[in-house]
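Remarks on the structure that follows.
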Amino acid sequence: MTFEDLKRWYHVRPGYWFAPKLFGFGATPVTWQGWALTLGFIAAFVLDMRFMPASLPKVVVGLALIAAFVTIAWRKTDGGWNWHWGPRS
């Protein structure tokens with residue numbers, strides 16, 4: 001696989017922020033919006049785990065953050081989430 005093949009794989013249409021992973025299930029951020037969403041999710045999740053006073057609120061807020069992030073990433077992935085064994089033909 002060449003560098004040009006990777007560039008083609010991770011190119012998305014306008015309005016999408018994530019590309020399907022090359023191997024496995026899920027998506028990879030490929031635009032600044034996708035990276036901003038991912039980094040914002042990580043920051044919010046770390047702050048939740050660090051500063052929430054009790055275990056139950058930590059779990060509830062953490063699950064809500066995960067659900068929101070996965071929903072947005074799924075809707076903004078060009079090509080959907082499927083299992084991949086390598087580059088598209």
Side-chain angles (χ1 to χ4, degrees):
M1 174 171 280
T2 67
F3 181 68
E4 292 302 318
D5 293 335
L6 285 174
K7 279 177 46 178
R8 254 183 271 115
W9 177 266
Y10 289 114
H11 177 76
V12 294
R13 294 177 289 168
Y16 291 99
W17 302 346
F18 295 86
K21 291 178 84 174
L22 189 56
F23 290 93
F25 184 79
T28 301
V30 293
T31 64
W32 71 267
Q33 295 98 329
W35 282 107
L37 179 70
T38 302
L39 294 174
F41 163 73
I42 291 169
F45 193 80
V46 168
L47 289 172
D48 168 46
M49 292 298 122
R50 176 71 176 99
F51 293 112
M52 289 297 277
S55 294
L56 183 60
K58 280 183 186 183
V59 171
V60 171
V61 172
L63 289 175
L65 287 170
I66 291 169
F69 175 74
V70 169
T71 300
I72 294 169
W74 176 71
R75 296 182 85 181
K76 290 292 190 175
T77 299
D78 188 11
W81 287 17
N82 298 313
W83 187 267
H84 295 281
W85 287 104
R88 299 174 233 180
S89 300

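Note that the numbering runs from 1 along the sequence shown for the chain.
- For the atom pair CH2 (Trp83) and CZ (Phe23), the distance works out to 11.0 Å, reported to the nearest 0.5 Å.
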Practice item. Show the numbers, then the answer: is there a side chain to side chain contact (heavy atoms under 4.5 Å, CB included) between Ile66 and Phe45? Key: CA-CA 8 Å; Ile66 291 169; Phe45 193 80; 3.9 Å; yes
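- Closest approach of Asn82 and Phe25 over heavy atoms only: C-CD1, 3.8 Å.
- Between the side chain of Lys58 and the backbone N or O of Pro53 there is no donor-acceptor pair closer than 3.5 Å.
- The minimum heavy-atom distance between Asp78 and Pro20, with the atom names listed, is O-CD, 3.1 Å.
- Two different hydrophobic clusters hold Val59 and Leu65 under the rule that ILVMFWY side chains link at heavy-atom gaps under 4.5 Å.
- Thr31 places a side-chain N or O within donor-acceptor distance of the main-chain N or O of Gly34, the cut-off being under 3.5 Å.
- Connection of Trp35 to Trp32 is not established within any shared hydrophobic cluster, with ILVMFWY side chains joined at heavy-atom distances below 4.5 Å, either directly or through further cluster members.
- There is no path of hydrophobic side-chain contacts, each under 4.5 Å, that joins Val60 to Phe51.
- When every heavy atom of Pro57 is checked against every heavy atom of Met52, the shortest pair comes out as CB-CE, 3.4 Å.
- Leu47 and Leu39 fall into different hydrophobic clusters, where Ile, Leu, Val, Met, Phe, Trp and Tyr residues are linked whenever their side-chain heavy atoms come under 4.5 Å apart, directly or through other members.
- Phe18 is listed as a side-chain neighbour of Leu37, based on a closest heavy-atom distance under 4.5 Å.
- One hydrophobic cluster holds both Ile42 and Val61 under the rule that ILVMFWY side chains link at heavy-atom gaps under 4.5 Å.
- Nearest heavy atoms, Pro29 versus Thr38: CG-OG1, 3.8 Å.
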